[in-house]
Each structure stands twice: as structure tokens, then as C-alpha cells.
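Please read the structure below before turning to the comments.
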Amino acid sequence: MSSDAIGSAMKPRNSLAHVEAAGWGRGLGTLMRITRMTLRHPWQVAIAIVSTVIAATLQLLIPQLLGQAVDQTQIAFAGGEAGAAAERALMISALLLLGVSTLRGLFTMAQNYFAEAVGHHIAYELRLACYEKIQRLSFSFHDQVHSGDLITIGMLDLEGVRMFFSTGLVRAVLLSMLIGIGAYLLISTDVVLGLLALSFAPFVAWRSSVTRLRLRATWLELQERLSVLSRVMEENLGGIRVVRAFAAQAYEMLKFDRASKSALELAHERVGLRVRNTSAMTFSFFLAMGLVLLVGGNKVIAGEISVGRLTTFLTFMTILQMPVRQIGLMVNSFARASTCGSRLFGLLDLDVAIKDAPDAKPLEITDGTLRFENVSFAYPGAEERPILRNISFEARKGETIGIVGPPGSGKSTLAHLIPRFYDVTGGRITLDGQDLRKVTLASLRKAVAVVQQDAFLFTTTIENNIAYGDPWAHERRIERASESAQLHNYVLGLPAGYKTVVGERGVSLSGGQRQRLAIARTMMLRPSVIVFDDSTAAIDAATEQRIRAATRQFAKDRVTIIIAHRLSSLMHADQILFIEGGEVVERGTHEELLAKGGRYKALYDLQVRPGEEPLEQVGEAG
Amino acid sequence: MAQDHIAELEAERVDVRADLRRPPRATVGSHRIEEEMFGRAFDKNIVRRIWGFVRPYRTKVYISVAAVLIFTGTQLLIPLIIRYAIDHGIAPGQADRSALMWSAALFLLTIIVNYAASYVQETVVGKMAENVLFDIRRAMFGHLQKVSLSFMDKTEVGRLMSRLQGDVNSMQEFLETSVLSVGDIALLFGIVFVMLWLDFRLGLLTLSVMPVLFIVRIFWLPRARNAFMAAHETNSVANGALAEAIHGVRAIQSMDRQQVNFTLYDDKAFANLQTHLRAARFAQVMVPIVDALTGLAMAVVIVVGGSMVLNERLDIGVMVAFLFYVQRFFDPIRSLTLQYSVMQRAMASGKRLTDVLDVKIDVQDKPDAKVLSPDMDGSVEFRNVVFGYDPRHPVLKDVSFRVNPGETVALVGPTGSGKSSAMALVHRFYDVQQGQVLVGGHDVRDLTQESLGRQVAMVLQEPFLFTGTVFENIRYNKTDATREEVIEASKAVGAHDFIMSLPDGYDTELGERGGNLSLGQRQLISFARALVADAKILVLDEATANIDSYTERQIQKALVRLLQGRTGLVIAHRLATIRGADRIIVLQAGQVVEMGTHAELMAQGGLYSRLYNLNYASFDDIPEAELEASLQGASQT
């Protein structure tokens with residue numbers, strides 16, 4: 001990140017904060033939107049729902065069949081003609097039971113599989129949408145949003161949305177079928193016994209919903225505390241030398257214990273919450289079962305119902321226990337999908353600030369002349385603090401413009417305006433007379449390349465990293481670019497040469513090597529304008545001179561803009577702009593500026609230490 | 001030159017035509033190298049180590065095992081009570097209200113016990129597992145504070161973090177499930193026993209379907225696990241690619257790679273979809289099998305049991321009880337097979353945890369280690385020091401020098417000459433192989449590391465800041481430092497002004513590793529931190545990165561202030577710093593080649609004067625070729 005961006009990084013980072021505070025109405029809209037997404041797979045949704053209905057119906061048949069079988073046994077036991085018939089019927093009940101169980105299994109399988117499949121399909125679509133959106137959102141968005149938040153949206157929130165169909169919607173159908181029809185059957189058979197058998201349901205449904213929501217809230221809190229703990233550990237391990245240097249192990253253990261204790265306390269609280277809930281639910285269920293046994297038993301004795309009926313009631317209860325407990329999970333799934341979904345859709349619905357104008361045409365390069373016309377710029381949301389004011393200059397093909405100035409003067413911002421990472425807020429920038437905002441982004445970014453100060457390395461081979469902007473490039477070109485950037489010899493010394501994997505999970509490169517790689521990478525693009533954004537700071541002066549010499553031919557066909565604080569990097573420029581407070585305060589060639597005796601001269605004196613040869617000669621020596 | 005250029009372009013054009021048929025040289029994300037996920041189901045040594053952590057809570061373990069057994073017992077008892085109520089209280093012919101009342105009372109008692117047992121078991125196990133989890137993590141973290149830095153240098157932080165998080169969590173899962181397994185095994189045997197006891201023949205017939213499930217699951221498990229692992233892996237690959245797009249978004253946009261990346265990502269996301277669908281098929285295929293077997297068992301109970309009832313060889317209540325048991329029958333089998341996987345995963349994690357816990361601690365306080373007094377003179381001396389990370393390849397060979405109290409000595413020399421190692425030895429990050437390092441006249445091995453650290457402040461090349469406020473960062477380990485002291489130190493190093501311009505001044509929360517500050521600003525804060533530590537000796541590794549000239553001048557000034565009244569040992573890169581030192585020690589290939597003031601060394605005309613005369617602003621700017629030439633010149637003289 002450049003020094004210019006530091007100011008903007010200090011601004012509040014939560015531009016997604018408004019999304020998290022989504023109200024109930026918005027939550028409902030989110031759930032509707034997820035539901036609409038699932039309908040893009042109508043067949044799978046239909047199969048899942050129909051299977052659910054059939055599976056629930058079949059499951060409700062089982063207690064009936066069991067009760068019937070018990071009654072038939074008793075009738076058969078009584079003997080006689082009815083008994084003989086009952087004996088045959090018993091056989092049929094057994095076969096029915098086998099058939100119904102198997103079918104129920106098959107339909108449950110279909111229900112679960114298709115419900116999950118729908119979820120995975122919408123997850124796939126959302127993944128792609130998310131990826132595409134994140135790739136397209138402009139720099140100003142990425143400046144303000146923490147990358148960790150985006151990762152959370154793309155991974156965890158996406159899961160919450162994915163699970164909604166199977167654990168929310170389909171479960172809702174299943175539960176309402178089982179509980180609704182089950183309750184109807186029970187109550188219509190025997191009102192008192194039915195009500196008794198269901199007496200546990202409202203309590204359990206309420207308890208499990210409340211507890212689930214509280215568990216979810218505490219889970220989020222626990223994640224928060226655990227992330228504090230992992231940050232303590234990660235920083236400690238990453239900065240272990242500092243820790244040892246200050247003999248701060250005890251202090252660090254204290255920090256660890258504090259974070260650890262707070263997480264442990266909450267974890268214990270959660271165990272208590274969970275256990276109190278499950279134990280209470282189980283107890284209320286069994287209590288209702290005991291009452292059914294007692295009251296039902298009395299009814300059997302009184303001859304009001306048969307033993308089989310009683311068995312039906314008891315089996316019904318075992319079957320209903322699971323769905324009633326799951327009400328909590330369902331409520332949780334709704335809550336989770338609505339918050340996760342509103343965050344995810346909040347991201348997907350964001351407007352891309354920098355995009356092609358409706359009538360954008362591809363950029364046409366003729367002379368290759370870059371012109372800044374009274375350019376001003378302020379970061380979005382900080383309009384009262386302009387970073388650049390009325391910058392004007394012109395650069396023709398083959399020319400080099402040097403830009404220098406104190407930290408925070410707006411140098412890097414200027415570089416970011418040319419490829420339209422940000423849009424100017426006043427004036428205009430043109431390339432061969434075409435306003436940059438009126439050409440297509442793709443053609444502009446092909447024509448303008450910025451060598452960033454802190455080159456991002458992708459975890460892949462060096463070859464792929466160099467050819468990042470031109471993946472079809474031939475090996476020879478890659479090597480040539482690498483030679484010009486003075487990287488070739490280093491690469492050849494690596495165990496796998498150009499096939500060596502670098503980056504986060506590979507060989508790590510030093511700052512200077514990374515910058516050389518960035519230069520090679522940019523040369524692959526063959527841009528019309530190339531901007532070096534303080535991109536040689538970590539390269540020693542002599543190597544930098546060699547790079548300049550090797551790229552002289554390359555520079556002939558394009559405009560080169562060099563932003564640097566080391567004057568030897570830019571003193572050969574055709575024109576040097578000294579920027580301070582967002583304005584050009586001095587301009588001219590190196591000699592002109594030195595003769596002027598202004599700020600440029602002061603900076604020059606600062607860099608050339610008294611009693612030493614001027615830097616110029618040092619440069620020549622390399 | 002121009003000719004070549006045209007020829008090259010022509011060749012290029014031919015290449016491009018051929019290239020279009022080639023796949024691009026492009027990937028998104030990186031394929032993660034997964035660590036071994038499953039180990040042997042049971043490893044005696046690892047279980048013993050884990051037990052070491054559980055031991056302090058062993059009473060709780062016994063209580064919870066007892067509770068889980070009682071819980072299982074009550075679960076087994078409930079169908080029996082129902083059976084009793086039916087056969088002795090309700091069934092036609094045997095109707096007996098008092099028996100029914102007794103049954104109800106017994107039922108109530110049973111469920112109260114059930115409630116209590118489940119409450120005790122789950123609470124005790126849950127909390128115990130959490131405690132053990134935090135204990136293991138603390139033990140590992142504490143151990144990592146003591147292990148030698150060479151281990152830390154070799155090991156990635158990410159790898160250690162996955163030990164401290166993922167592996168520790170799978171231990172917790174293991175503890176919770178092992179107690180549950182006890183319950184499941186008890187339930188399984190309990191059901192088998194009760195069924196056989198109620199009626200041996202019917203029990204045997206009903207149970208005959210059970211092995212079918214066992215066999216099916218034995219075949220199913222390894223395949224299903226492969227499918228689950230594949231889903232897990234494609235998921236992390238897709239997530240990795242997404243994370244890459246987020247972190248590298250600026251590079252992606254500036255090179256206009258969005259289209260290519262999207263196509264590549266689509267492949268990964270689609271592969272992820274496919275593996276998940278496959279895993280879902282594997283998970284769901286067991287459902288109809290279990291249901292069909294349950295149906296079969298119920299059919300057996302009805303047909304066989306029913307005919308036995310007719311022959312008066314079985315009470316109807318027993319048949320009802322059987323139907324209840326059959327419905328619970330497959331639960332323990334299902335959960336036991338899942339727990340088997342948990343066990344295997346835990347063993348693999350346990351192995352990795354013990355690997356970390358067993359890393360040897362090389363640098364340790366002696367039992368009679370002395371406390372280095374703040375009144376010591378502040379001298380540093382190397383006496384014939386030989387040291388190497390690999391003892392066969394010493395980095396320092398017989399190095400001797402002395403830094404007098406209050407003196408500033410600059411260590412200079414080309415990369416790899418042993419400067420940084422010498423600095424690390426003052427702090428006893430490593431132990432010497434031969435010779436001695438003395439601080440304040442004491443061998444560092446005779447001192448406590450704590451007191452040594454308090455008297456030797458260190459500023460590293462890369463300033464490292466912690467998440468927290470600016471104030472906390474400057475104060476760091478010196479927790480008794482007042483706000484005034486912190487502000488004074490910041491003013492002394494010239495950091496006060498920019499700190500005050502931050503939104504909350506000294507109370508501004510720094511981002512991850514001070515991400516919201518520039519390199520120069522972080523450098524100044526780390527100087528202030530060293531100043532607040534107020535140690536007698538300062539060891540400093542000057543930053544090599546090019547900082548803008550304005551900040552750099554401030555850093556130079558701060559450095560002078562920092563060294564005031566202290567013994568300073570500075571690894572210097574910039575000529576200004578080197579010349580400002582009282583004495584200069586030139587190291588080359590692990591040996592002291594020159595020592596003296598700037599003027600003396602220049603007069604000597606050795607390596608130092610040659611390097612100096614090359615006229616680079618910093619010794620690090622010297623191109624390798626010239627450095628090489630100077631070194632050869634030095635060795636010839």
C-alpha cells in the first residue's frame with residue numbers, strides 16, 4: 001500500500017456495516033430471494049418436496065401399522081373365525097411394515113439428496129457471482145473493506161445460504177407434515193390421550209427455538225473471542241524475535257491467558273446452555289410419555305381403547321420427538337440464512353463504481369500521447385480533502401516523466417488514476433485525445449500498466465507469475481522479460497528454475513526480487529504507458545541502473561512515468577514534477593530544477609551526504 | 001538492434017498463433033498440501049500423552065462414565081416398564097390398576113434419574129473437554145515460547161497455527177465422543193442383552209439382521225470417507241482461489257486477468273459441486289438400507305413374535321417392548337462407525353501435537369542462574385566465539401571483541417558475514433559452540449534469560465508491531481511505564497507528532513501488524529519501544545529498505561538519541577551510521593578482519609576503505625561484482 005493510501009485506510013473500514021444491521025423486513029426479503037434462487041432448479045425442488053411429503057406420510061403410517069399388528073395379535077389370540085382372519089392380516093401387516101419402511105427410506109434419501117443438491121447448485125452459482133463481483137469491484141471499495149470480511153462472506157455466509165433449502169425450507173415442510181398430520185391423527189383418535197401425547201410439543205418447540213437462537217448468538221460471540229485468541233498466538237509466533245528480545249514471554253503468556261480465559265468461560269456457558277436445554281426437552285418428552293401410559297393404561301382397562309391403540313400412541317410419540325426438537329434447528333436455519341443472505345446479497349448488489357460507460361469504445365492508440373488536463377482527485381467520502389489539485393502535463397511516446405515529492409503528497413494516487421483504478425473528480429486524462437472514462441476498461445488496462453510498489457505474488461510458478469497478464473506468452477518472451485528485469489540469473493539458481501513455486505505456500509522472495517518480478521510482469525503486457533510506482537525502492541541503485549539500460553529499447557515505444565523518492569531513479573527524466581500537497585510546485589529537467597534552488601534542490605542535498613561524491617556519479621558507475 | 005527487434009516480433013507472431021492452441025500458463029489458487037487426516041484408530045503412546053492432559057480431571061471422567069452408564073440403563077429400562085405395565089396392568093385379563101400405578105411411579109423415577117444422569121454427564125464431559133482443549137493449547141503455546149529460535153525459523157507460523165487450532169479442536173471432539181462411545185457400546189450390548197433375556201429365540205431372530213448393517217457399513221465407510229475427503233478438499237481449493245482473488249485483486253485488475261481467472265475458477269467451483277453431490281449420494285445411500293433393515297426387524301417381531309403370542313409363549317407386552325427396542329437398535333451402530341473416524345482423526349492430530357510438545361528446549365536457564373543487575377557496567381564481550389546453526393558449518397569462527405560501557409560499535413560486512421548471528425548471541429537466542437559471550441562481565445549462560453532480556457534492548461530490521469493501541473505497543477513488556485514516559489520517549493525519537501495526528505493519538509488501535517502506518521513510522525515506534533525499555537545495552541539491526549529521505553533523516557536523528565548513554569552494538573548499513581560509531585568492526589566470512597575508528601580503518605587501506613571508497617550511500621547498494629572484487633583484494637593483502 002502506498003503512503004497515499006494510508007490516509008484512506010484510517011477511515012472506518014465497515015462500508016458493509018449497514019448490511020449487517022438488516023431489519024426483519026429485509027430479512028424476509030432475503031429469504032424470498034433465496035427461495036426464488038432455488039426455483040431455478042424446478043425439477044430438483046419438486047422432487048425434494050414431493051419426496052418429503054411422501055416420506056412423511058409413510059412415516060406416519062408406521063405407528064398405525066404397529067398398533068394394528070398388536071391388535072391383530074390380540075384378536076387372533078382370542079381365536080375363532082375372526083382370529084384366523086386376524087392371523088392372515090398380521091402377515092399382511094408385517095409385509096406392509098417392511099414395504100412402508102423401505103419406501104420411506106428411499107423417499108427420505110431422495111428428499112435429502114435433492115434438497116442438498118439444490119443447495120449445492122445455488123452455492124455454485126453464488127460462488128461464481130461472488131468471485132466475479134469481487135474481481136470487478138473497484139479499488140475504492142477494496143480500500144475500505146477488510147479482506148477478512150470478504151472472505152467471511154464468500155465462505156461462511158455462502159454456507160448459511162446454501163443450507164437454507166435443506167435445513168430450513170424442506171425441513172419446514174417435513175415438520176409441518178409430521179407434526180400437523182400426526183397431531184390430527186392422535187387427537188381425532190382420542191382427544192384426551194392425543195392432547196397428552198402432544199403436551200410436550202409446545203414446550204420443546206419453544207425451548208429449542210429460544211435456545212438455538214441464543215446458542216447462535218453466543219457462538220458468534222465465541223468466534224469473536226477465539227479470533228482474538230488466535231490473533232494473540234499468531235502475532236506472538238510471527239514476532240517471536242521481538243518477544244524474545246524484550247524477554248516478554250511472561251507478558252505474552254498473560255495476554256494468552258486473558259484471551260483464553262474469556263473464550264473458555266463462554267465455552268463453558270455454552271455447554272451449560274446446551275445441556276440444560278436438551279435435558280429439559282428429554283425430560284418433558286418422557287413425562288408426557290409417562291402420562292400417556294398412565295391415562296392410556298386406565299383407558300385400556302376401562303375398555304375404551306385397545307392395547308394396539310396405546311402402542312400407536314407411544315410409537316407416535318417416539319416418531320414425533322425428533323421433528324419437534326428440530327424446530328429449533330429450523331428456526332436457526334431461517335435466522336442464519338437471513339443474516340448471511342443479506343450480507344451476501346449486499347455484496348452482490350453493490351454498484352461497481354468504475355465500469356465501462358454505456359457508449360464506451362475500445363481505446364485506439366495512434367501517437368501514444370498521455371495528457372493530464374487540470375486533474376483533481378479526492379477519495380470518495382473525503383471530498384473536502386482533495387489529494388490532487390489541477391495537475392496538468394503531457395507526455396509523448398518515448399518520453400519519461402519523473403514524479404517526486406514528500407510522503408503523502410499524492411504521487412501514488414496520480415499513478416492510480418491513469419489505469420482508472422480511481423476516477424478523477426475534476427479535469428480529465430486523455431490518451432491520444434480520448435478521455436479515459438469514454439473507452440472500455442479492458443482496452444485501457446491493456447494500454448496502461450502500473451508496476452506496484454508491493455508486488456503481489458500469486459502462489460504459482462515464477463513463470464506463471466511473470467506471464468500473469470499474458471498467460472499464452474511463449475517461454476522465450478518470459479525469459480527475455482526476466483532478463484531485462486535482472487531476475488533471470490536468480491531464477492536459474494532456484495531448484496526448479498522458472499517452475500519454482502513462489503508466494504504464500506512456496507519459496508518466498510525478498511522485497512527486491514518481488515519488485516524485479518513485478519517489472520518483468522509488466523514488460524510482458526507491452527503497454528503504451530508504463531508507470532513505476534515507487535517500484536524500485538527495494539532494488540539497489542546499481543541493479544536499477546542495469547534494469548534501466550536493459551529496458552531502454554522497451555521505453556522507446558511508450559510513455560514512462562517514474563515515481564520515486566530516490567532521485568537517481570528519475571533524474572534522467574525528460575520532465576520532473578515536484579508534487580507537494582497535491583499540487584505541482586516545481587517542474588523541469590534535473591538541471592533546471594537544481595539551478596532553480598527550490599525544493600527539488602533541497603531534497604537532492606538531503607540525499608547526497610556532505611563530503612561524498614554526488615549520487616549522479618554513483619549511478620554512472622553502475 | 002532494430003533488425004533483431006523486428007525478427008523477434010515476427011517469431012513472436014508465429015508463437016502466438018501456435019499458442020492459441022495451448023492451454024494458458026495460468027492457475028487460480030494453489031492446491032493445498034493436505035496433512036495426513038487419519039491415523040491408526042488407536043495409538044497407545046498418543047493416548048497416553050492425551051491422558052496426561054486428562055489426568056487432572058480424572059474424577060470428572062469417572063463421574064461422567066458412571067453417569068453415561070446410568071443414562072443408558074434408564075433408556076433400556078423404559079420399554080421394560082411399558083412392557084410391565086401392559087402385561088401386568090393393562091392387558092385384557094390381567095387388568096390391575098395398582099400395577100399400572102406402580103409402573104407409572106417407576107416410570108417417573110426412571111425419567112428423573114435419566115434427566116439427572118444426562119445432565120451430569122453432558123455438563124461434566126462438555127466442560128472437561130473444553131478445559132482439556134484449552135490446557136493443551138496453553139501447554140503448546142507455552143512450549144513454543146521456550147523452544148530454540150532455530151525451530152521457529154524453520155517452521156511456518158501458519159503450520160503452527162493449524163496445530164494450535166485444528167489439531168487441538170479434534171482432540172476436544174475426540175474426548176467428547178469417547179465418553180459417548182462408552183454410552184453407545186453400553187446401549188448396543190444392553191439392547192442385545194435385554195432382547196435375549198426377554199425372549200432368547202425371538203431376540204436371536206431379530207438380532208440376525210444386525211450383522212447385515214455391520215457388513216454394509218464396513219464396505220461403505222472407506223468409500224464414503226474418500227468421497228467426503230474429496231469434497232472437503234475441493235472446497236478448500238475453491239475457497240483458496242477466492243481468497244487469492246480478494247488479496248490479489250489489485251494485481252488482477254491492473255493486468256486485466258478477470259476473464260481468464262473467472263473461467264479457471266469456474267472449473268474449480270464446478271469440481272467442488274460435483275464432489276459435494278457425490279458425497280451427498282454416499283451419505284444418503286445408507287438411509288434406505290437402515291430403514292429397510294428396521295422394517296425387516298419389525299416384520300420379524302410381528303410375524304414370529306405374533307405367532308409366539310398366539311402359542312402363548314410370549315406376552316403381548318414383550319412384543320411391544322421389542323418393537324421399541326428395534327426402533328433404537330441402529331442408532332448406536334451408526335454413531336459408533338462415525339466415532340471410529342473421529343478416533344482416527346484424533347490420532348493423526350495427537351501425533352502432530354506431541355511432535356510440537358516434544359521439540360527440545362536448547363536454551364534454558366541454569367538451576368543456579370543469576371539475575372543480571374541493572375547496575376552492571378553494560379559491557380559486551382565476545383571471547384573466541386564459535387557458532388553455527390549447523391555445528392559442522394560455523395557462521396562465526398573464533399570471534400573476539402569487546403564493546404566498552406557507553407560505546408557505540410558498528411558491525412559491518414557483506415551479507416552472510418555473521419553480523420546477525422553475533423547480534424543474536426548477545427541476547428542468547430542461541431548458545432555458542434565454543435568460547436563465551438559476556439554481558440556486564442557475566443557469561444550469558446549463567447544469567448536468567450528474563451533479566452538478560454531486560455538489560456539488552458533490541459531493535460530488529462523489520463519493525464514488528466502488535467495489534468493494540470500505539471501506547472500498548474510502545475510500552476510493551478515494560479508494563480509499569482507511565483503515559484508520560486511513553487510520550488517522552490516518542491518525542492525523543494520524533495514519533496510524537498505523527499502519533500498525535502492519528503485519529504485517537506496514543507490510543508489509536510493499530511491494524512494488523514501496524515498495517516495502517518508506513519514503514520518509517522513503524523520503525524520510529526519500534527525505536528520508542530526500545531527507549532522505554534530503558535536497557536543498558538542496545539542491539540540494533542539497521543533497516544535496509546529504502547525509506548523516503550524525509551523519514552530517513554528523522555530515523556538517523558532518533559538513532560543518535562537512542563544510543564545516548566547506552567552501550568550500542570549496531571549492524572550498520574548506511575555510511576552515516578557507520579561513521580557516527582565510536583568504533584567499527586568489519587566481519588567477513590565469520591571472522592573479524594578489521595577493527596578501529598573510521599579514520600584508522602581508512603588509513604589502513606583494507607576492505608573497509610575499499611568498500612567505502614566505492615562511494616555507495618549504503619554498503620547494501622554495492623553490486624555483487626564490485627563487492628566480489630573488493631573481497632578478493634582484501635584476501636590478497
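Just so you know, these numbers come straight off a predicted model, no measurement behind them. Protein chains get the first letters and strands the later ones, always in sequence-line order, with residue 1 at the start of each.
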Q: Measure distances from A:Leu310 to the heavy atoms of chain B and classify the residue's part below 4.5 Å as side chain, backbone, both or neither.
A: side chain

Q | Side chain, backbone, both or neither of A:Ala449 within contact of chain B (heavy atoms, under 4.5 Å) | A | neither

Q.
For a quick check under 3.5 Å, do A:Ser279 and B:Glu122 share a side-chain donor-acceptor pair by atom type?
A. no

**Q.** Contacting region of A:Leu291 [heavy-atom separation from chain B under 4.5 Å]
**A.** neither

(Q) At a 4.5 Å cut-off on heavy atoms, which part of B:His276 comes close to chain A: side chain, backbone, both, or neither? (A) both

Q: Would you check if B:Ser254 and A:Arg445 make a side-chain contact, meaning some heavy-atom pair closer than 4.5 Å?
A: no

Q) Just by distance, do the side chain of B:Gln253 and the backbone of A:Gln135 share a donor-acceptor pair under 3.5 Å? A) yes

Q | Shortest non-hydrogen contact between B:Phe429 and A:Arg244, atoms and distance | A | CE2-CB, 3.3 Å

Q: Report yes if some heavy atom in the side chain of B:Gln145 is under 4.5 Å from a heavy atom in the side chain of A:Asn236; otherwise report no.
A: yes

Q. Got B:Gln165 and A:Ser230 here, is their nearest side-chain heavy-atom distance under 4.5 Å?
A. yes

Q. Contact part of B:Leu323 toward chain A, heavy-atom cut-off under 4.5 Å: side chain, backbone, both or neither?
A. side chain

Q) Would you find more than 12 non-hydrogen atoms of other residues, nucleotides or ligands less than 6.0 Å from B:Met101 atom CE? A) no

Q. Is it the case that B:Arg138 places NZ or CZ above or below the six-membered ring of A:Phe256, under 6.0 angstrom from the centre and within 45 degrees of the axis?
A. no

Q. Distance from A:Leu287 atom CG to B:Ile111 atom CD1, nearest 0.5 Å?
A. 4.5 Å

Q | Segment of A:Phe421 engaging chain B (4.5 angstrom heavy-atom cut-off) | A | side chain

**Q.** Partner chain B: residue of A:Leu441, A:Val242, A:Thr318 with the largest heavy-atom pair count (under 4.5 Å)
**A.** A:Val242

Q. Just by distance, do the side chain of A:Arg241 and the backbone of B:Leu460 share a donor-acceptor pair under 3.5 Å?
A. no

**Q.** CD on B:Glu130 to CZ on A:Arg270, rounded to 0.5 Å
**A.** 8.5 Å

Q) Checking A:Ile151 against chain B: side chain, backbone, both or neither under 4.5 Å from a heavy atom? A) both

Q) For B:Ser451, which residues count as a side chain to side chain donor-acceptor pair (under 3.5 Å) partner, sequence neighbours excluded? A) B:Thr448

Q: Name the region of B:Ala533, side chain, backbone, both or neither, that has any atom closer than 4.5 Å to a heavy atom of chain A.
A: side chain

Q. Does the side chain to side chain donor-acceptor pair (under 3.5 Å) test come out yes or no for B:Thr467 and A:Glu235, once each step is laid out?
A. CA-CA 8 Å; B:Thr467 308; A:Glu235 287 190 343; 2.3 Å; yes

**Q.** Interchain contact, A:Ala455 with chain B, by part (heavy-atom threshold 4.5 Å)
**A.** neither

Q) Between A:Met524 and chain B, which part of the residue has a heavy atom less than 4.5 Å away: side chain, backbone, both or neither? A) neither

Q) Checking heavy atoms, do the side chain of A:Leu314, its backbone, both or neither come under 4.5 Å from chain B? A) both

Q: Look at A:Gln72, A:Met91, A:His121 and state which one has the largest set of heavy-atom pairs under 4.5 Å with chain B.
A: A:His121

(Q) So for A:Ser260, is it side chain, backbone, both, or neither that comes closer than 4.5 Å to the heavy atoms of chain B? (A) both

Q: Go through the side-chain N and O atoms of A:Glu252 and B:Asn477 and say whether any donor and acceptor fall under 3.5 Å apart.
A: no

Q: Please determine, among A:Lys261, A:Gln452, A:Arg136, A:Arg276, the option with the most heavy-atom pairs under 4.5 Å with chain B.
A: A:Arg136

**Q.** Under 4.5 Å from a heavy atom of chain A, the part of B:Val260 involved
**A.** side chain

**Q.** For B:Ala95 against A:Ile301, the heavy-atom pair lying closest together
**A.** CB-CG2, 3.8 Å

Q | Among the listed options A:Leu293, A:Val307, A:Leu229, the residue most often paired with chain B at heavy-atom distances under 4.5 Å | A | A:Leu293

Q) For A:Lys446, does its backbone N or O pair with a side-chain atom of B:Asp256 as donor and acceptor, under 3.5 Å? A) no

Q) At a heavy-atom separation under 4.5 Å, does A:Asp257 approach chain B through its side chain, its backbone, both, or neither? A) side chain

Q) Where does B:Asp266 contact chain A at under 4.5 Å (heavy atoms): side chain, backbone, both or neither? A) both

**Q.** Proximal component of B:Ala85, with respect to chain A [non-hydrogen, under 4.5 Å]
**A.** side chain

Q: Decide if the gap between the ring center of A:Phe286 and the ring center of B:Tyr115 is smaller than 6.0 angstrom.
A: no

Q. Does any heavy atom of chain A fall under 4.5 Å from the side chain of B:Leu108, the backbone, both, or neither of them?
A. side chain

Q. Is it the side chain or the backbone of A:Thr461 that comes within 4.5 Å of chain B heavy atoms, both, or neither?
A. neither

Q: May I ask you to name which of A:Leu103, A:Val450, A:Leu137 has the most heavy-atom pairs under 4.5 Å with chain B?
A: A:Leu137

Q: Establish, for the pair B:Arg281 and A:Tyr113, whether the NZ or CZ atom is under 6.0 angstrom from the six-membered ring centre and no further than 45 degrees off its axis.
A: no

**Q.** Side chain A:His120, main chain B:Leu273, donor-acceptor under 3.5 Å
**A.** no

Q | Heavy-atom pair with the smallest gap, counting every atom of B:Leu100 and A:Leu294 | A | CD2-O, 3.6 Å

